[in-house]
Number of protein chains: 2
Amino acid sequence: MKNSPETTDHIALAETAEPETRRSADSSERAYNAIRKLLVEFQLKPEERINEMRLAKSLSISRTPIREALNRLASEGFVSLTPNRGFFVRSLSTEGLIDLYELRSIIECAAFRLMCERASDDEIDSLRSYWAGLVEGYRDQPPDDILAEDERFHVLIAELSGNPEIVNQLQAINARIRFIRRIQIEHRSHDKDLVAAHSAIVDAAIKRDAEGGTELLRKHIELTVSATQEALKDALLKVYSSADQSPRQRRGRAASNT
Amino acid sequence: MKNSPETTDHIALAETAEPETRRSADSSERAYNAIRKLLVEFQLKPEERINEMRLAKSLSISRTPIREALNRLASEGFVSLTPNRGFFVRSLSTEGLIDLYELRSIIECAAFRLMCERASDDEIDSLRSYWAGLVEGYRDQPPDDILAEDERFHVLIAELSGNPEIVNQLQAINARIRFIRRIQIEHRSHDKDLVAAHSAIVDAAIKRDAEGGTELLRKHIELTVSATQEALKDALLKVYSSADQSPRQRRGRAASNT
DNA sequence: CGTCAAGAAAGTGTCGACACTATTGCGTTC
DNA sequence: GAACGCAATAGTGTCGACACTTTCTTGACG
């Protein structure tokens, strides 16, 4: 435990390869992205205590930007901070996630309603065309792309609500549930439903049918929630398999992304 | 559920609004509270660039905890961070505030609805009795107490929704609009309405009238919004008058003590 | 054998310093 | 006299160091 900080730890950080020793390339940001990635991929496990020094070493930066990133992640709910003991990975509980989904549903439904009231025809049409440009090859893309586009779709609605605070909140929530959504999408259990739901939502938007649209959205998200239950089991597996000694994959190329 | 309503420890105004994550160690916490106070009191003015070194000196601590506090405040929307130029006080615009109120309305209405569905009779009664214990001398208290109790009332509803994420969001929002609410309350323009509204809301809660209750809430908050317009004028005055020092002067003991 | 305590080790919280960047002030050119 | 560029200054971003706190180790005591 004490003698090999290099061999075992070395968390994959195939980040923007900057061959130069340019020290002023916003380390904080890099740390933030890297750590969040570790959290999403469960290389940092729920409830685990986060070791700042180890992180700093593995990212080859000092603890200061690490701490800044962790503070940010704490405000966003990814980790928590206990006074003299440091940062801990937020626990992964089903109910916690469901609470988040519920909040997301609330906010998105409200956004949709506001969009119906306020957005111009052009704006609504931009939503339509965004989705139209996507729907064809939607299912054939890598999970991360699907995820990004799905998020984008929902965020677009939030933007058309005209209330930037709604956008912010939604994006904060998205960031926190992204890890589970990715797993869900890998399941690919309800692609068709997703596509159909989005199309239906767009239709409702065009008709400015606030009631119908919010109902669709609610159902859409509810469906996702139930899929979440499934995904969570996978997630837990992942957590434990990526734990101490996973003989299968330890280092080398990142496991699942790209 | 798991959230015992017993944990009513008095919301002190200078207190953090984030219940869950962080009770940072001494300096950081102190910096956070101090800076937030400066923001609330407009000793740091909207759009102004924040000078970390000056703050550090005036609080007699190093820049590190200052930065940690600022990062936190940035995540919470009080300030913004521009890459190599530092932190800036968030601009004070009417529409920004209205967006926040709108979001608040959305979240509170949803909370009320969920409370109607989920809270036990005892829990609802705790809401009723909290308000009952308050209503008598409500108007005769100092503004800060009124504010705290008003917030508490609304947060209580959020807690009874059973969704802690809702509570968090509401408290984050409250923290950001508190400064203007304080000014509003000093106006005392619609006390009676406020008392009446709360009472009506409690009644609706007892009857589990989700529709009626959310409507009341929406109206209640809308009323507040229109009062906000008034208050904003005051706020702007305050901004400019509290800055006796011309922006030119940048040295010396600029930030007055607490 | 298990409990506990003292000391060692590990780790966080804060500091002062320094490199690099943005801004300000000044002198030069047209 | 104004625009431009260049030097000086102020300020941020990051670092390594250190003090203090928590956690682990080890050895004495019941």
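Computed over heavy atoms, backbone and side chain alike; hydrogens, waters and symmetry mates excluded.
Partners of A:Arg152 according to the salt bridge (Lys or Arg N to Asp or Glu O under 4.0 Å) rule, which considers only residues two or more places apart in sequence or in another chain, are A:Glu159. The side-chain contact (heavy atoms from CB on, under 4.5 Å) search around B:Ile61 returns B:Ser27, B:Arg30, B:Ala31, B:Leu59, B:Pro65, B:Ile66, not counting sequence neighbours.
Residue A:Ser62 has a polar side-chain atom (N or O) positioned under 4.0 Å from OP1 or OP2 of D:dC15. Between A:Ser27 and D:dT14 there is a side-chain polar atom (N or O) within less than 4.0 angstrom of OP1 or OP2. Phosphate contact (OP1/OP2 of C:dT12, side-chain N/O of A:Asn84, threshold under 4.0 Å): absent.
Taking 4.0 Å as the cut-off between side-chain N and carboxylate O, A:Arg104 and A:Glu108 count as a salt-bridged pair. We find that A:Glu151 and A:Arg178 are joined by a salt bridge, their nearest charged nitrogen and carboxylate oxygen being less than 4.0 Å apart.
The CG-P distance, from A:Leu59 to D:dC15, rounds to 11 Å in whole Å. Taking atom CZ on B:Phe88 and atom P on C:dA22, their separation rounds to 12 Å, with Å as the unit. Taking atom CZ of residue B:Arg49 and atom C1' of nucleotide C:dT24, one finds them 11 Å apart after rounding to whole Å. Regarding A:Glu29, its CD atom lies at a distance of 18 Å from the P atom of D:dT12, rounded to whole Å. Regarding B:Met53, its CE atom lies at a distance of 8 Å from the P atom of D:dA10, rounded to whole Å. Rounded to whole Å, the distance from CZ on A:Arg63 to P on C:dC15 is 14 Å. In this structure, A:Asn51 atom CG and D:dC24 atom C1' are separated by 14 Å, rounded to whole Å. Atom CD of B:Glu52 and atom C1' of C:dG16 are 15 Å apart (whole Å).
In this structure, A:Ile50 reaches the sugar-phosphate backbone alone: every heavy-atom distance under 4.0 Å involves primed, P, OP1 or OP2 atoms, never a base.
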